[in-house]
Amino acid sequence: MSWLQISCTIFVLVVCRVHTCSGYKPVIFMHGILADSDEGNQLLDWIAKDHPGTIGLTIDAFNRQESIVNMTAQVNEVSSIMQDFMTKHPEGVNLICFSQGGLVCRGVIEQVAHNVNTFISLSCPQAGQFGDTNFLKNFFPTYLRDNLYKALYTETGQKISVGNYWNDPRQQDLYLQWSQYLAVVNNQSVNPNSQKFKTNFTRLKRLVMIGGPDDGVITPWQSSHFGFYDSNLNMVEMKDQPWYQKDSFGLKTLDSRGGLVTHVVPGVMHIHWHSNITVYKNYILPYLD
Ligand SMILES: *[C@@H]1O[C@H](CO)[C@@H](O)[C@H](O)[C@H]1NC(C)=O
Ligand SMILES: *[C@@H]1O[C@H](CO)[C@@H](O)[C@H](O)[C@H]1NC(C)=O
Ligand SMILES: *[C@@H]1O[C@H](CO)[C@@H](O)[C@H](O)[C@H]1NC(C)=O
Ligand SMILES: *[C@@H]1O[C@H](CO)[C@@H](O)[C@H](O)[C@H]1NC(C)=O
């Protein structure tokens, strides 16, 4: 090789380190409640091995105790971090969002002119939460699930993230009145921007929903696939939900053009989704292009 060829090769290699020459889109990870940005490290490591050159970003905001601040505040700040990153990567990005992080990501996707290609919703309570986990017991030790609405459907309750997506199937009037986040992004209550939210959401190429019956935290676990209880606690699947049928935020549109993928995966507890290599290889990696 001549010096010129060597110099050219070095130049290309350097440019490839700085930009993405791998052909794989950058991946953003958003962590769950009470966790921090480290939660994404294992997945981003695996991705870097399988798809060398992929740029990864794990959102370093609302870590640990701060993860309980209200969803609106989280979506606003995470939007601006993600928008900065997306501007630097006009080729588009993929999102992997875990648990509560998936509701933050849905908010971002509905509220900004994003360039997200695939959104992987990894065990996220997309249709809300109605189950008293240990986490909630720490905050409200004296409340049982059926009474939590009394604390969460209040001004104080709406100051914490869980209050914003607490969905009590027997208290739907109060849910619609109080839920400052889930009822709004679903256009179940009042959202003056619902049309824009829908336009933004349907820019998504693909939504991959992963969850399963042994989760133990997301309740009902079908909420990870947009299913939820009716007032008798019977399961109503996504396609029978009014906001799906009315296409209130674009889910039906996405589905009708083949953009919705559902994976029901047994044998995985909530805290293991992001560190289970079988889950990664079978249900995450194939969608990262
Ligand atoms: C996305 O939503 C934002 C906020 O409502 C809005 O300003 C923007 O116009 C929307 N983008 C599209 C393409 O509708
Ligand atoms: C959400 O949090 C932000 C920042 O702390 C605050 O400005 C806003 O008023 C809060 N909204 C609600 C509904 O508590
Ligand atoms: C949101 O709901 C309102 C009131 O029901 C309705 O007028 C509006 O068309 C809905 N938006 C979308 C995008 O479906
Ligand atoms: C990992 O995921 C597989 C399903 O893909 C499941 O069968 C297995 O039990 C999981 N292992 C752990 C430790 O979560």
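Just so you know, ligand 1 is whichever comes first in the structure, and atom 1 is the first atom listed for that ligand.
Ring centers of Phe98 and His270: under 6.0 Å apart, within the cut-off.
The His272 neighbourhood of ligand 4 comprises atoms 14 (O), with distances under 4.0 Å to a heavy atom of that residue. Close contacts between ligand 4 and Val265 involve ligand atoms 4 (C), 5 (O) [criterion: under 4.0 Å to a heavy atom]. Close approach of ligand 4 to Val268 is summarised as follows: ligand atoms under 4.0 Å from at least one heavy atom of the residue are 2 (O). Near Thr199, meaning under 4.0 Å from any of its heavy atoms, are these atoms of ligand 1: 13 (C), 14 (O). Interface of Gln111 with ligand 1, defined as ligand atoms under 4.0 Å from a residue heavy atom, comprises 1 (C), 2 (O), 3 (C), 4 (C). Every atom of ligand 4 is numbered from 1 in the order shown, and the set under 4.0 Å from a heavy atom of Thr278 is 5 (O).
The protein residues lying under 4.0 angstrom from ligand 2, judged by non-hydrogen atoms, are Asn70, Ala73, Lys159, Gln180.
Judged purely by distance below 3.5 Å, without hydrogens or angles, the side chains of Glu237 and Tyr244 never pair a donor atom with an acceptor atom. Defined by atom type and a distance below 3.5 Å, a donor-acceptor pair is present between the side-chain atoms of Gln172 and Asn167. For the 3.5 Å distance criterion, the side chains of Arg106 and Asn186 qualify, holding a donor opposite an acceptor. Side-chain polar atoms of Gln158 and Asn70 form no donor-acceptor pair below 3.5 angstrom. A donor-acceptor contact under 3.5 angstrom links the side chains of His31 and Asn63, judged on distance only.
Inclusion of Met269 in the set of residues having an N or O under 3.5 Å from an N or O of ligand 4 is not warranted. Inclusion of Asn193 in the set of residues having an N or O under 3.5 Å from an N or O of ligand 1 is not warranted. For ligand 1, one of its N or O atoms has an N or O atom of Asn200 under 3.5 Å away.
Residue Asn282 does not touch ligand 4, judged by heavy-atom distances below 4.0 Å.
Ion pairing between Asp289 and Arg206 holds under the 4.0 Å rule for side-chain N and carboxylate O.
Listed for the Ser79 side chain is a donor-acceptor partner under 3.5 Å among the backbone atoms of Val75.
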Q. Going through the distances and angles, do Cys105 and Met82 end up as a side-chain contact (heavy atoms from CB on, under 4.5 Å)?
A. CA-CA 10 Å; Cys105 289; Met82 287 194 184; 4.0 Å; yes
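The minimum heavy-atom distance between His51 and Leu288, with the atom names listed, is CE1-O, 3.1 Å.
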Using residues 226-236 as the side-chain source, report each donor-acceptor pair under 3.5 Å to any protein atom, sequence neighbours left out, with the distance given to one decimal.
from, atom 1, to, atom 2, distance (Å)
Asp230, OD1, Asn232, N, 2.9
Asp230, OD1, Leu233, N, 3.1
Asp230, OD1, Asn234, N, 2.9

